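Notes follow once the structure below has been shown.
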There are 2 protein chains.
Amino acid sequence: MLQKVIPYAHQLLKEAIYSGDTVIDGTCGNGYDTLFLSNLVGESGTVYAIDIQQAAIENTTSLLKKHQISNTVLLLEDHQYIKRHIPEEASGTIGAAIFNLGYLPGSDKQTITTPESTISAIEAITEILRPGGVIAIVVYYGHKGGEIEKDALLNYAGSLDQKTFHVLKYEFINQKNDPPFLLAIEKRTQPKKTE
Amino acid sequence: MLQKVIPYAHQLLKEAIYSGDTVIDGTCGNGYDTLFLSNLVGESGTVYAIDIQQAAIENTTSLLKKHQISNTVLLLEDHQYIKRHIPEEASGTIGAAIFNLGYLPGSDKQTITTPESTISAIEAITEILRPGGVIAIVVYYGHKGGEIEKDALLNYAGSLDQKTFHVLKYEFINQKNDPPFLLAIEKRTQPKKTE
């Protein structure tokens with residue numbers, strides 16, 4: 001009955017996203033979340049899906065083709081530069097974003113997301129997110145380097161101003177083998193003036 | 001859109017509890033959760049509501065009377081002894097329990113929940129909870145002694161066997177003044193044989 005981390009992340013995205021929205025997959029990986037977002041925004045929406053690895057872009061392209069998806073823009077790029085690729089007029093209208101940190105599932109694990117780039121990407125998206133919009137970050141940290149990224153991210157997210165953002169950590173605390181947890185950042189619809 | 005801690009705890013209780021259930025309010029306080037549970041279980045259900053403070057029992061009695069509630073059993077008792085008061089035949093059928101840790105709202109804060117008693121109470125309820133049942137614990141820890149109870153509880157809950165229980169921590173991590181977080185313990189419907 002308690003929802004697992006990934007279904008819970010997807011539920012938050014479903015609640016935040018409307019048909020016609022512009023949204024972001026910050027780590028497209030094998031494309032499953034890109035496909036999920038694509039269905040949520042519908043034909044009139046757009047998904048910007050970014051990944052630094054050629055293999056990820058190829059796998060995503062092939063998955064989207066199989067499902068005859070045409071509302072996505074795939075970007076072979078470090079996600080810290082995501083904002084360069086989002087049209088100026090979409091600024092402040094982004095409904096949601098998702099990140100899956102760590103390595104490309106099925107890969108040799110040599111390429112991993114890194115703290116500086118991940119935090120830059122998230123920070124950039126907080127700026128162009130609309131009020132009520134959500135960034136869902138699924139934090140895998142069992143791999144080498146994962147703990148460092150996790151700590152840096154918690155430090156960053158934990159310091160976001162509570163007048164402007166809600167930052168939720170959703171985590172199962174009695175599981176072995178470092179399962180992922182969820183960080184969800186919501187831009188408040190009515191920033192609180194005084195606290 | 002992200003649910004705050006108390007509404008989220010209530011949502012989990014709503015999902016776990018059916019009409020006719022036997023449930024527990026482990027810290028009845030001023031009675032608001034007792035009333036909430038009473039409505040969820042309906043006339044054919046029973047709420048056992050316990051508190052160590054006379055004032056809490058009085059406030060709860062008065063609130064329930066006002067709402068013409070008759071499906072509750074109020075117990076002036078240390079919650080570590082809760083199991084003594086639950087009929088033998090209800091063992092294994094308890095649908096849910098809630099705890100609000102800390103002090104009685106509106107009181108002089110001299111009486112607080114304590115680690116040993118709280119953990120004994122929760123442990124006792126894990127034994128009589130039905131599969132699929134949930135214990136929701138709202139952890140206030142900003143008061144003197146609160147940190148010690150919080151740490152002991154996280155240590156206890158984090159060590160519950162993942163084959164039998166899911167333990168979720170639901171927490172906003174960018175808020176000042178030590179707001180409460182939620183610990184939710186679910187008894188798995190199908191205990192995992194191997195992990």
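Letters go in sequence order (proteins before strands), and every chain restarts at 1. What you see is a predicted model; the values in this text were computed from it and never measured.
For Val5(B), no part lies under 4.5 angstrom from a heavy atom of chain A. Contacts between Leu182(A) and chain B at a heavy-atom distance below 4.5 Å are absent for every atom of the residue.
Per-residue counts of heavy-atom pairs under 4.5 Å with chain B were compared for His166(A), Gln175(A), Met1(A); the largest is that of Met1(A).
In the displayed structure, Leu76(A) atom CG is contacted under 6.0 Å by more than 12 heavy atoms of other residues, nucleotides or ligands. The number of heavy-atom neighbours closer than 6.0 Å to CZ of Phe36(B), taken from other residues, nucleotides and ligands shown, is above 12. Heavy-atom neighbours of Asp108(B) CG from other residues, nucleotides or ligands within 6.0 Å: above the threshold of 12.
Among residue pairs with one or both ends in residues 36-47 of chain A, those qualifying as side chain to side chain donor-acceptor pair (under 3.5 Å) are Ser38(A)-Asn71(A); sequence neighbours excluded. Sequence neighbours left out, not one pair with a member in residues 84-95 of chain A passes salt bridge (Lys or Arg N to Asp or Glu O under 4.0 Å). Evaluation of the ring pair (Phe, Tyr, Trp, His ring centres under 6.0 Å) test over residues 127-165 of chain A, restricted to residues two or more places apart or in two chains, returns Tyr103(A)-His143(A), Tyr141(A)-Phe181(A).
Residue-level contacts of residues 10-24 of chain B with chain A, in order of numbering, are Leu12(B), Glu15(B), Ala16(B); threshold 4.5 Å between heavy atoms.
Remark: of the listed residues Leu168(A), Leu160(A), Val167(A), Val167(A) is the sole one forming a side-chain contact (heavy atoms from CB on, under 4.5 Å) with Ile173(B).
Tyr81(A) and Ile86(A) fall into different hydrophobic clusters, where Ile, Leu, Val, Met, Phe, Trp and Tyr side chains are chained together by heavy-atom contacts under 4.5 Å. Under the 4.5 Å side-chain heavy-atom criterion for Ile, Leu, Val, Met, Phe, Trp and Tyr, Ile50(A) and Ile185(A) are members of the same hydrophobic cluster. Put simply, Val139(B) and Ile122(B) are part of the same group of oily side chains (I, L, V, M, F, W, Y) that touch within less than 4.5 Å, one to the next.
No donor-acceptor distance shorter than 3.5 angstrom exists from the side chain of Glu171(B) to the backbone of Tyr170(A), with no hydrogens or angles considered.
Contact check for Lys169(B) versus Lys169(A): no side-chain heavy atoms found under the 4.5 Å cut-off.
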